[in-house]
Amino acid sequence: MGMSVPLVVRHGRLLTSARHYRCALDELTNQAELLSSRPSGEIAGLLKNLSPSEFAKVHLPGAEIKGELSPVENGERLTLRIVWNEVGRRQSPLTLATWILSNARQTNQSRADGDPR
């Protein structure tokens with residue numbers, strides 16, 4: 001019994017940590033999809049006011065999300081980072097990057113404006 005209790009406690013903590021990680025990854029994915037669908041000029045302004053969703057705030061204690069937009073050869077790279085109250089997470093945030101290609105953006109904008117190309 002003395003050996004089982006610490007293992008059960010550790011297993012419970014591991015399950016909680018995995019649940020938090022999945023929730024944080026879902027949050028980053030949703031935010032990246034939302035931001036990358038916006039016009040290029042709006043993204044920088046939205047990054048300044050970026051905050052976790054209500055769901056993430058409830059399920060990730062102390063969640064904070066930050067984003068960065070940097071130019072690359074054919075467009076821009078959007079990098080999002082999220083931290084929450086977990087041992088070592090502040091020093092090692094969960095990070096997700098996506099690329100916003102300028103040609104793809106122009107094509108999508110043309111289609112939205114009714115251009116069939």
Side-chain angles (χ1 to χ4, degrees):
M1 191 68 174
M3 290 178 58
S4 299
V5 172
L7 290 175
V8 169
V9 170
R10 176 70 181 136
H11 180 68
R13 288 181 183 157
L14 187 61
L15 290 175
T16 301
S17 178
R19 193 175 320 114
H20 286 165
Y21 187 91
R22 283 192 313 268
C23 181
L25 187 58
D26 286 344
E27 178 68 14
L28 286 180
T29 304
N30 291 340
Q31 293 280 356
E33 186 176 342
L34 183 84
L35 289 167
S36 64
S37 68
R38 298 295 193 146
S40 184
E42 289 182 21
I43 295 174
L46 292 171
L47 288 176
K48 292 177 185 175
N49 299 320
L50 194 59
S51 67
S53 66
E54 290 302 316
F55 183 84
K57 288 178 185 177
V58 169
H59 291 87
L60 293 172
E64 296 175 15
I65 188 168
K66 294 182 181 172
E68 175 185 339
L69 196 60
S70 54
V72 292
E73 187 175 328
N74 292 324
E76 298 170 304
R77 184 174 104 176
L78 175 62
T79 306
L80 299 174
R81 291 179 177 83
I82 190 168
V83 295
W84 63 95
N85 295 341
E86 185 177 79
V87 176
R89 186 53 63 190
R90 300 262 174 211
Q91 295 80 16
S92 180
L94 182 59
T95 305
L96 180 78
T98 186
W99 285 261
I100 303 168
L101 303 177
S102 51
N103 290 342
R105 181 174 298 284
Q106 290 170 356
T107 302
N108 289 341
Q109 185 63 36
S110 295
R111 289 185 182 150
D113 292 339
D115 187 357
R117 287 186 262 159

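Listed here is the closest heavy atom pair of L60 and C23: CG-SG, 4.0 Å. The two residues S36 and E33 make their nearest non-hydrogen contact at OG-O, 3.3 Å. Nearest approach of A63 to P52, heavy atoms of both residues: O-CG, 3.6 Å. Considering every non-hydrogen atom in both R38 and L46, the closest pair reads CG-CD1, 3.7 Å. Across E86 and S17, no two heavy atoms sit closer than the pair OE2-OG, 3.2 Å. Of all the heavy atoms in A24 and W84, the pair that sits closest is CB-CZ3, 3.3 Å.
Atom CD1 of residue I82 and atom NZ of residue K66 lie 12.0 Å apart, to the nearest 0.5 angstrom. To the nearest 0.5 Å, atom OG1 of residue T29 and atom CG of residue L34 are 12.5 Å apart. Of the inter-residue distances, the one linking N74 atom CG with I100 atom CD1 reads 13.0 Å to the nearest 0.5 angstrom. Here L80 contributes atom CG and L47 contributes atom CG; the two are 7.0 Å apart, rounded to the nearest 0.5 Å. If you take CD on Q31 and CD1 on I65, they are separated by 4.5 Å, rounding to the nearest 0.5 Å. Note that NE2 of H20 is 9.5 Å distant from CG of N85, once rounded to the nearest 0.5 Å.
Residues L96 and V72 do not share a hydrophobic cluster, clusters being chains of Ile/Leu/Val/Met/Phe/Trp/Tyr side chains in contact below 4.5 Å. Connection of L94 to L50 is established within a shared hydrophobic cluster, with ILVMFWY side chains joined at heavy-atom distances below 4.5 Å, either directly or through further cluster members.
Looking at R77 and T79, their side chains do bring a donor and an acceptor atom within 3.5 Å of each other.
In the displayed structure, E73 atom CD is contacted under 6.0 Å by at most 12 heavy atoms of other residues, nucleotides or ligands.
When each of R90, K57, R89 is paired with E64, the salt bridge (charged side-chain N to carboxylate O under 4.0 Å, His left out) condition holds for R90 and for no other.
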Trace of the side chain to side chain contact (heavy atoms under 4.5 Å, CB included) decision for L69 with L35: CA-CA 11 Å; L69 196 60; L35 289 167; over 6 Å; no
Is there a side chain to side chain contact (heavy atoms under 4.5 Å, CB included) between R81 and E68? Walk through the geometry before answering. CA-CA 9 Å; R81 291 179 177 83; E68 175 185 339; 3.6 Å; yes
